Structures are given as structure tokens and as C-alpha cells.
Q: 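Below: one structure in C-alpha cells.
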Amino acid sequence: MSKNEEFNPSDSDNDETVANSRETNVDEVAEVIAEFEKYRERLVNETMAAAQKAKLPQKAAMAKIEPELAKIDAGLDALRAQLAALTTNN
């Protein structure tokens, strides 16, 4: 192929590539959601365990991590919306 020629895949090749890309994106987004959910659960569990060892009230411990939990929840909401958009566009 010379420098001036353009690469133009056939329509069927392009459709297959787009379908594979969507599947990959759906899988990747689902994996990120699962990891964020695990992280959130671990953060809460470890904070509660540390608070219990330090004999702090649960409410006080949760108040300390609430801003981080809010960020995680907002990220999860955005990722779930993205996943829903990807799965409905198939």
C-alpha cells in the first residue's frame, strides 16, 4: 500500500470490529464496577474493624469515610449508566 492510499476495511469487517469492541467495553466496564464494589466493601469493613479496635463509635467512623464513599458511589452510578448505555445500544 502506498502512502497516498487509504485503508478501507469492508463493511462486514468493520461491523465485526465494532461488535467485538462493544463486547470488550461491556466486559471492561462490568469488571471495573465489580472492582469498585469490592473496594467499597473492603473500605467499610476495614474502617469498622479499626474503629472497633480503637473503641470508636460506628457513626463516627462512617462519618470519616463518608466523603470517600460518596465519590465511590457516584463513580459506580456513572459506570452503571455507561454499562446500561452500552448494553442497550447492541
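Remember, it's a predicted structure, so these values are computed and weren't measured experimentally.
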Q: First locate atom CD of Glu35, then atom CG of Leu79, and finally report the distance between them rounded to the nearest 0.5 Å.
A: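 Answer rounded to 0.5 Å: 12.0 Å.
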Q: So which atom in Ile33 and which in Leu76 form the shortest heavy-atom distance, rounded to 0.1 Å?
A: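 Heavy-atom minimum between the residues: O-CD2, 3.7 Å.
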Q: Enter the distance from Tyr39:OH to Glu68:CD here, rounded to the nearest 0.5 Å.
A: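 Going from the OH atom of Tyr39 to the CD atom of Glu68 covers 4.5 Å.
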Q: Got more than 12 heavy atoms from elsewhere within 6.0 Å of CD, Glu37?
A: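 Correct, the count exceeds 12.
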Q: Which value, rounded to the nearest 0.5 Å, describes the distance between Leu86 atom CG and Asn25 atom CG?
A: 6.0 Å
Q: Where is the tightest heavy-atom contact between Arg40 and Leu69, given as atom of each residue plus distance?
A: CG-CD2, 3.8 Å
Q: Would you sort out whether Met48 and Met62 count as a side chain to side chain contact (heavy atoms under 4.5 Å, CB included), showing the intermediate values?
A: CA-CA 8 Å; Met48 290 298 103; Met62 287 301 290; 3.4 Å; yes
Q: Tell me if the CD atom of Glu66 is crowded by more than 12 foreign heavy atoms within 6.0 Å.
A: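 Check passes, neighbour count above 12.
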Q: Find out if a path of hydrophobic residues (ILVMFWY) with successive side-chain heavy-atom gaps under 4.5 Å connects Val44 to Leu56.
A: no
Q: Which is it for Val32 and Glu28 under the side chain to side chain contact (heavy atoms under 4.5 Å, CB included) test, yes or no, and what are the steps along the way?
A: CA-CA 6 Å; Val32 171; Glu28 289 173 352; 5.5 Å; no
Q: How many angstroms lie between atom CD1 of Ile72 and atom CG of Asp77, to the nearest 0.5 angstrom?
A: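 Between Ile72 CD1 and Asp77 CG, I get 12.0 Å after rounding to 0.5 Å.
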